[in-house]
Structure formats: structure tokens, C-alpha cells
Number of protein chains: 2
Amino acid sequence: MGCANQLCEAEPFTALIYRRSSCLLSGEGVLRSQSRASLEYQDVRAAGKRLRLGDLAEKLGISTATVSLALRDSPLVAKETRQRVKDYAAEVGYIYNRSAASLRTSQSDMIGVAVHDILNPYFAEVFRGLEEVLAEEDKTILICNHRDMLKRQDQFIDTLLQHRVDGLILCPSVGTSPERINQISEQGVAITLVCRDLPGVQTPCVRGDDYHGSYLMTKHLIDQGHRQIAMIGGRRQSSSGRDRNNGWRAALVDAGIDPDEQLDIPELMTQADGQAVVPRILSAIPRPTAVACFNDLVALGVLTAVRRAGVEPGPELAITGYDDTEGVQNRTPALTTVANGAETIGREAAQMMLKQINGEPVPSGIKLIKPELRIRESAPPIGCRLGPVVGV
Amino acid sequence: MGCANQLCEAEPFTALIYRRSSCLLSGEGVLRSQSRASLEYQDVRAAGKRLRLGDLAEKLGISTATVSLALRDSPLVAKETRQRVKDYAAEVGYIYNRSAASLRTSQSDMIGVAVHDILNPYFAEVFRGLEEVLAEEDKTILICNHRDMLKRQDQFIDTLLQHRVDGLILCPSVGTSPERINQISEQGVAITLVCRDLPGVQTPCVRGDDYHGSYLMTKHLIDQGHRQIAMIGGRRQSSSGRDRNNGWRAALVDAGIDPDEQLDIPELMTQADGQAVVPRILSAIPRPTAVACFNDLVALGVLTAVRRAGVEPGPELAITGYDDTEGVQNRTPALTTVANGAETIGREAAQMMLKQINGEPVPSGIKLIKPELRIRESAPPIGCRLGPVVGV
DNA sequence: AGCGCTTGCTTAATCGTTACATGTTACGCG
DNA sequence: CGCGTAACATGTAACGATTAAGCAAGCGCT
């Protein structure tokens with residue numbers, strides 16, 4: 001796999017500086033330039049300062065109070081005045097100062113969102129749902145990737161509280177204490193949990209029905225004739241890991257099958273984890289005929305490694321995922337999985353958050369989004385020899 | 001593909017409310033509770049209010065100025081006093097109010113990051129690099145997904161300016177005007193462009209050497225014996241799209257091949273785009289033997305659809321990607337692609353940003369990160385019949 | 001003692017916006 | 001005419017931190 005080209009010999013990702021024709025002046029103060037020759041700013045007294053409400057007021061010959069109200073479209077100001085103010089503000093490029101407003105109102109119009117892995121397409125979808133709703137209400141979203149590190153999550157929460165966020169949407173890190181959450185909530189910050197529940201917490205939660213989804217999936221595998229069904233991945237300290245595990249157990253028990261503890265392998269979350277665990281699965285005695293994975297990432301990892309090991313994913317070993325993330329229907333074989341309503345979860349959580357912020361009554365407790373089985377190719381009936389899709 | 005289970009009949013993603021044993025009181029004012037029985041807050045005059053510097057000062061019998069300085073570890077305050085203040089603040093759970101500080105200092109310690117698609121694993125990697133560096137300096141990151149919609153990008157920039165962000169890291173949307181960027185920069189907000197360059201802009205830029213990477217890749221395909229090489233995807237209005245296209249052209253011309261305009265298909269960015277374009281590729285006359293895709297997503301889409309069409313990706317049609325995003329080396333066939341140093345780009349951009357903010361001299365112009373060819377299975381030598389990896 | 005310097009803290013003036021309590025008109029009506 | 005009442009607009013005091021300028025005490029040195 002040697003690289004034929006001479007340029008590949010350089011060390012990876014070294015950086016070259018190319019100069020543009022129009023050169024940027026470097027050195028202190030360049031970007032904080034004092035010269036403000038540009039049109040609209042000529043009249044501001046102190047050069048280098050931005051326009052304030054007061055400046056607009058002075059120009060327009062009205063008070064700052066009126067300007068403030070006008071810009072916020074208050075009915076206390078005559079329509080005509082409102083328009084005049086807004087037009088002028090736009091004309092001179094006035095920039096509202098949220099720090100000042102926040103200080104005064106102790107509202108920030110910011111919502112913090114913390115999840116353990118934004119790179120996981122599943123969360124990306126949740127995020128899309130959140131953003132869709134919150135952007136509509138002019139909320140700014142602050143994101144944190146805590147990677148299940150409690151310290152990072154705590155740091156992030158501290159920062160958010162310092163910014164006086166209106167609310168916090170949290171997929172709580174492993175180890176999060178319910179007391180901390182309740183305490184923050186008592187401080188007047190709206191909190192909604194997503195994806196993972198936390199026992200003992202008094203804030204709303206929106207998540208998929210992991211137990212039920214996992215039950216459905218396991219039952220499906222049983223219906224396909226499987227008896228040796230492994231359950232791999234998921235953290236037992238998170239509700240999703242626990243619930244999906246319990247769903248698997250319950251389905252087995254309901255079918256009169258004793259869960260084989262050797263086939264219960266927790267703590268895997270990523271594609272790499274999925275790849276790494278395959279030898280263990282293939283060498284188990286008796287060897288499972290189906291593997292129910294905690295999420296799609298793990299399933300894809302398993303799929304890859306199983307194929308490398310010379311076992312054909314699907315016909316020779318059924319593999320299922322969870323989440324139905326984008327693209328898994330296009331894999332070979334197409335992944336049988338559980339759609340989790342990620343975007344719906346995001347939207348619902350955002351709406352719940354907005355209600356809390358506006359002081360509207362919020363349906364208390366956990367809101368469960370109903371999961372849906374997506375039957376595709378990676379978990380065919382046992383013994384049923386589906387040809388691989390790849391033509392040969 | 002009917003679903004056997006009765007529960008699948010329900011409409012998708014309906015939500016059920018499950019009540020927790022400990023019920024959340026609903027109704028106005030619950031979360032803005034006035035009762036503040038908890039320990040440390042007993043002494044605060046107005047119930048429901050957070051502690052201020054002044055409150056600490058009063059308790060400690062010193063002035064707010066001293067408290068402020070102490071918390072920021074200023075040498076102007078005696079070491080002993082500093083410790084006393086910090087200990088007490090921690091003890092009573094004082095929360096710093098950034099709005100107030102921001103208002104006073106017109107610094108926010110926030111950095112805005114806008115890209116066109118955070119769901120693209122490539123940007124996720126850039127983001128990881130950014131975060132790593134910026135978190136170190138206690139900067140809060142604000143994210144925007146502008147999806148190449150100028151309006152969204154503008155809205156986001158407005159919001160950020162209102163928040164008085166210290167800096168802006170931007171993968172500029174198609175249509176972004178250089179004047180706007182320069183103007184913001186002149187207002188004292190540090191700006192660094194990433195991934196995409198913008199002619200006429202006077203701010204630093206960190207990006208991959210798209211021209212060179214694409215050249216390398218095309219040359220590699222030519223070395224493998226290909227002559228009919230399609231270039232698909234990329235927006236001509238973005239520097240990355242243009243440069244990768246030009247690299248392709250240059251490599252062809254240097255090899256004495258005339259670029260076939262029919263094989264130059266722009267504007268594709270996603271997996272779906274890649275799938276959709278396949279019929280057009282397969283029906284081109286003469287049919288290309290290799291497809292150089294703008295990015296990995298497009299390549300994966302092409303790969304899927306080509307296989308569906310009964311053509312074996314790799315041996316029968318060489319396919320290459322760009323970015324070397326996570327997991328593409330595990331696909332079947334493993335994707336030949338160009339590593340783009342995404343995380344490096346993120347880190348470099350963040351460092352450049354920090355320097356600008358601190359008024360340090362910034363190397364001007366464009367910083368190019370050197371690309372690296374990753375030769376794998378999806379683009380084997382022409383006529384060379386690699387067996388498919390899937391065992392049959 | 002007197003001078004200058006350092007150390008450690010305080011005073012008080014901001015920063016730009018908003019909420020509250022008042023003004024000021026103008027107009028209709030008894 | 002004079003009063004009540006809308007309809008608009010304004011004056012002003014916060015909000016909570018930062019920071020320049022100032023003050024007081026203590027020290028070393030002549």
C-alpha cells in the first residue's frame with residue numbers, strides 16, 4: 001500500500017502558509033482597529049465604540065425607553081414611531097447588546113444542550129429536531145459534547161449557569177447525580193432530559209421506549225427462529241442501556257428461553273467497540289445465531305468484523321442495530337434496526353423546554369416516543385439462505 | 001416487509017406520557033419557585049435571587065472590588081484573602097454572572113462556529129479539533145448549521161454579534177460576500193475561515209489543499225490505468241469545489257488526457273446525491289472506468305447505487321472519496337480516499353483564533369493543510385480483478 | 001522625623017438595556 | 001369650560017460586574 005507520489009513522503013498534515021495578494025496586517029491592535037471610516041459610524045462620538053440605544057434615541061430625538069420598546073415592537077409605542085426607529089436602526093447597522101439586556105432581565109434566550117456524543121448520527125438527528133423548534137423561537141443553542149465524562153458535563157453546566165441560560169437539555173452523563181439536576185431546576189433553570197432517564201429526578205424527560213423497542217427486536221429475532229441471541233453494548237448505568245437489556249431479557253423469557261449471561265456483553269458504544277468484540281462472539285459456545293446490538297454504530301462494527309472473519313453477516317449471523325440512523329438502509333446487507341424517532345425526541349424536548357420557560361404547565365414525568373421495527377436484510381430467518389446482494 | 005407485531009400498527013413516533021412516582025408539580029411558577037429553603041441561600045435578602053459579588057463581599061467584610069479581583073486570582077489581592085474569597089464562594093455556590101461582566105468588558109469568551117453541515121462526519125472532526133483547543137482556554141462555543149443558506153448564516157452572525165462574541169470561525173456559506181466578512185472583522189470581531197476560502201477576504205483561513213489532494217487522487221487513478229475519470233460533486237461557488245475540480249483537470253491535462261465535460265458533474269454533496277447520479281454515470285458513453293467523488297458521502301452513495309445496479313464497485317468501477325471520514329476504511333470495498341487533516345484544520349483554526357483575540361501577530365493569508373492519499377480497495381488498477389471481500 | 005515605595009484594599013463611575021412610575025398631550029363629553 | 005381618560009412618551013433607577021484612581025498603613029532608608 002505504498003504511496004507512489006513524492007508528496008506523500010512529507011509528515012502528515014503539515015501546514016504551509018500561502019500569502020494572499022492582499023495581505024493582512026499583523027500585529028497587535030490590527031483587528032481592534034480604531035479607524036472607523038465606514039459610513040454609518042462617522043457620527044458616533046467615541047471612535048471604536050458601537051452604537052447604543054441612546055445614540056439612536058439622540059438622533060431620532062426621542063428617549064431610549066421609546067427606542068427600546070419600539071425595537072421590541074411594543075404596542076406602547078405608536079406604530080409609526082416603531083417603524084421609524086426600526087428603519088433607522090437597520091439603516092445605521094445598530095447591534096443590539098444582549099449582555100446588557102440579559103443583565104437587566106436575567107433572561108438570555110440561550111438553551112444549553114449537552115449530549116455524550118454529537119458525532120453519533122443518532123444525536124445529530126435529535127439535534128436537528130431541537131434546532132428546528134428552538135431556532136423558530138429565536139433561542140440560541142449552546143452545545144456540549146461531554147463524552148460521558150462527568151467532569152466535562154459539570155464544567156459545561158457551570159458555564160451555562162454563568163451565562164444565565166433559560167434552559168438546559170441534557171442527555172445526562174453516566175454518573176450524573178439526580179440531586180444536582182433537581183438543585184439546578186430549583187434555581188429557576190428549566191431542564192429537560194432527553195434519551196436517557198434519571199431516577200429520582202423531578203424534571204421532564206423525553207426518550208424512546210427502549211425497553212419496548214428492544215423487546216420488539218428480540219421477539220422478531222425469535223420469530224425468525226433464533227434461540228441463541230446475544231445482546232451487546234450499552235452502559236448499564238444509563239437508562240437506555242438498562243432498558244434495552246431488560247427488553248431483550250423479557251422477550252427471551254416470554255418465549256421460554258433462558259438468557260445466556262455469556263451472551264450479555266455490556267459497555268460497547270462505538271463502531272470500534274463493535275469490531276473488537278467479534279472474536280468473543282464467534283468463539284462463544286454455543287455460538288449465537290443472532291446479535292442484537294445496542295445501537296447502529298456497534299452493529300456496523302460487528303458487521304464489518306464478522307465479514308472480515310469470513311462469516312457472512314445476515315445469513316450466517318443475524319445482526320440488528322438500534323436507532324435507524326441515516327444510511328444504514330443502504331449498507332450491505334441493509335441493517336435491520338429499530339427506528340427511535342430521534343428527530344421527534346428532539347422536537348418534543350424542545351417544545352417541552354419552551355413551555356417550561358414560558359411558565360406553561362408541562363406534562364410531568366417521562367414522555368416515551370414509540371419505537372418502530374425496521375425489518376431489512378441483516379437479520380433474515382434462520383437457515384434462510386438469502387443470497388448476498390453483491391452480484392458476483 | 002410487513003411488520004408482524006401488533007404495536008407497529010400505531011402511527012409513527014406517537015408519544016405516551018408515563019408518570020413518575022414522584023410527580024412534578026405543573027403550572028406557572030413551579031420552576032421559578034420562590035421558596036428557597038436550601039442551606040446556603042438562607043441569608044440572601046430577596047428570596048429567589050442569586051448571590052452577587054456584593055453578597056460575598058458583605059459576608060466577608062470586604063469590598064466587591066476585592067472579591068472580583070480575588071476570584072480572578074489577581075496579584076493585587078493578598079494571597080490569603082484570595083483563598084478566603086474563593087473558598088467562601090465555592091462553599092455558598094456563588095455563580096459568576098457573565099452578562100454583567102460582558103457588559104462591562106465587552107468581552108464574552110464565546111466563539112461562534114458556523115459550518116454548512118455539522119452532520120457531515122468531516123465537520124464533526126473539524127469540530128473536535130476546534131473544541132479541543134478552545135475548551136482549554138475556557139471559551140464557550142456557539143454552533144450554527146447554516147446548510148449553505150445565506151440567510152441562516154446571516155441570522156446566526158447577527159445573533160453572535162449581539163452576544164459580543166470574541167471571534168467567529170466560519171466555513172462560509174455559498175454566496176457569502178467578502179465585504180460583509182471584512183466589515184465584521186473591522187468591528188473588532190476576530191474571524192477565521194475554515195475549509196473554504198473566500199477571495200477578497202482579509203482574514204486568515206485554514207483549509208486543506210484541495211487542489212493538490214484532488215490532483216494526487218486523479219493522478220493515482222491515471223497511474224492505475226484509468227483514462228475515463230469522472231469528477232462528481234462539489235459546489236463551484238465554494239473554493240473546495242472549485243479547487244478539487246481544478247486539481248482533477250490539471251492531473252488529466254498533465255497526463256495528456258482531455259477532460260470530458262460530460263464527466264464533470266457538479267453540485268452533489270450528500271449520500272443521496274451520490275445515489276441519484278449513478279444512472280447518469282453508468283449510461284455515459286463512453287462509460288467512465290473511475291469516479292472521483294467530491295467527498296466520502298457522495299462516494300458512499302455512488303458505491304451503494306452502483307452495487308444495486310449490478311456493477312461491482314472497485315473492480316468494475318473505481319470509486320474514490322475525499323476526507324477519509326471515520327469508518328470509510330471499513331466499508332466493502334474499503335474506500336480509497338484523501339485524508340484531509342480535518343482535526344488538524346480545527347486545531348489550527350482555533351489556535352489562530354486565540355492569537356487574534358489576544359492581539360498576537362497572526363500569520364496572514366491561507367494556511368494549507370497537506371492532504372494525504374489513502375489507497376485502499378475501492379479503486380484498484382484497471383482490469384485487475386480483485387475478488388469481492390464478501391465471501392459467497 | 002520625613003520621604004518614597006510597596007502592599008492591600010476601597011470608592012465610585014461606568015457598561016447598555018429594561019421596568020416602573022410618571023409626565024404630557026389631545027380629545028370626548030357632561 | 002373643565003374633567004376624565006386614552007394614547008404616547010419619558011426619566012430614572014436598577015441589573016452585577018470591572019477598573020481607574022485613590023487612600024491608608026507599613027516598611028526601609030537617610
Side-chain angles (χ1 to χ4, degrees), chain A residues 44-46 48-86 89 92-110 159 161-164 166 187-188, chain B residues 44-46 48-86 89 92-110 159 161-164 166 187-188:
Chain A
V44 184
R45 288 179 285 278
K49 293 204 129 191
R50 293 195 193 165
L51 288 163
R52 300 164 303 165
L53 277 189
D55 296 321
L56 303 192
E58 201 177 317
K59 281 288 170 204
L60 290 166
I62 53 181
S63 75
T64 59
T66 308
V67 175
S68 172
L69 291 168
L71 288 179
R72 283 176 296 151
D73 222 14
S74 158
L76 295 175
V77 175
K79 234 181 196 148
E80 197 205 335
T81 314
R82 264 184 268 170
Q83 200 53 53
R84 204 158 54 95
V85 172
K86 286 195 268 185
V92 298
Y94 163 73
I95 299 174
Y96 180 73
N97 187 328
R98 275 180 197 262
S99 299
S102 267
L103 173 58
R104 184 59 235 248
T105 61
S106 16
Q107 276 226 16
S108 64
D109 282 341
M110 293 199 289
T159 306
L161 293 179
Q162 294 179 0
H163 280 294
R164 298 292 187 269
D166 296 346
Q187 279 178 35
Chain B
V44 185
R45 287 180 286 278
K49 293 204 133 193
R50 293 195 196 167
L51 289 163
R52 300 163 304 164
L53 277 189
D55 297 320
L56 302 191
E58 201 177 317
K59 281 287 170 204
L60 291 166
I62 53 182
S63 76
T64 61
T66 308
V67 175
S68 171
L69 292 169
L71 288 179
R72 281 174 300 147
D73 222 14
S74 159
L76 295 175
V77 175
K79 234 179 196 151
E80 197 204 336
T81 316
R82 263 185 270 170
Q83 200 53 54
R84 203 159 55 95
V85 172
K86 285 196 270 187
V92 298
Y94 164 73
I95 298 174
Y96 179 74
N97 186 327
R98 275 178 197 264
S99 300
S102 267
L103 173 58
R104 182 61 232 254
T105 62
S106 27
Q107 275 226 16
S108 63
D109 282 341
M110 293 199 289
T159 306
L161 293 179
Q162 294 179 359
H163 281 293
R164 298 293 187 268
D166 296 347
Q187 278 177 35

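So that the names make sense, note that chain A is the first sequence line, chain B the second, and so on, each numbered from 1. Note that these values count all heavy atoms, side chains included, but never hydrogens, waters or copies made by symmetry.
Residues A:V92 and A:K59 have side chains not in contact (no heavy-atom distance under 4.5 Å, counting atoms from C-beta outward). The closest side-chain heavy-atom distance from B:R98 to B:M110 is not below 4.5 Å. Side-chain atoms of B:N97 and A:Q162, non-hydrogen and from C-beta on, never get closer than 4.5 Å to each other.
In this structure, B:D109 places its CG atom 14 Å from C1' of D:dA17, rounding to the nearest Å. If you measure from atom CG of B:L60 to atom C1' of C:dT10, you get 15 Å, rounded to the nearest angstrom. Across the protein-nucleic acid pair, A:D73 atom CG and C:dT18 atom C1' stand 16 Å apart, rounded to whole Å. Distance A:N97 CG to D:dC15 P: 18 Å, rounded to the nearest Å. Rounded to whole angstrom, the span from the CZ atom of A:R84 across to the P atom of D:dC8 amounts to 14 Å. We find that CD of A:E58 is positioned 14 Å from C1' of C:dG16, with the value rounded to whole Å. Protein atom CD1 of B:I62 is 15 Å distant from nucleotide atom C1' of D:dA17, rounded to whole Å. One can place CG of B:D55 at 8 Å from P of D:dG16, the figure rounded to the nearest angstrom.
Nearest-nucleotide positions on DNA chain C for B:R164 and B:L76 put B:L76 closer to the 5' end.
Among the atoms of the strands shown, only primed sugar atoms or phosphate atoms (P, OP1, OP2) are found under 4.0 Å from some heavy atom of A:T81.
Scanning for salt bridge (charged side-chain N to carboxylate O under 4.0 Å, His left out) contacts around A:R82 gives A:D73, with sequence neighbours left out.
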So if I define the base as every atom that isn't primed, P, OP1 or OP2, how would nucleotides 18-26 of chain D read as a B/S/- string at a heavy-atom cutoff under 4.0 Å? BB-------

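Pairing each heavy atom of A:A100 with each of B:L103, the nearest pair is CB-CD1, 3.6 Å.
Within the structure, every side-chain polar atom (N or O) of A:Y94 is placed at least 4.0 Å from both OP1 and OP2 of C:dG16.
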Under the criterion side chain to side chain contact (heavy atoms under 4.5 Å, CB included), I'd like the reasoning laid out for A:L71 against A:K86: C-alpha separation, chi angles, the key distance, then a yes or no. CA-CA 6 Å; A:L71 288 179; A:K86 286 195 268 185; 4.0 Å; yes

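Here the CG atom belonging to B:L69 is positioned 11.0 Å from the OG1 atom belonging to B:T81, to the nearest 0.5 angstrom.
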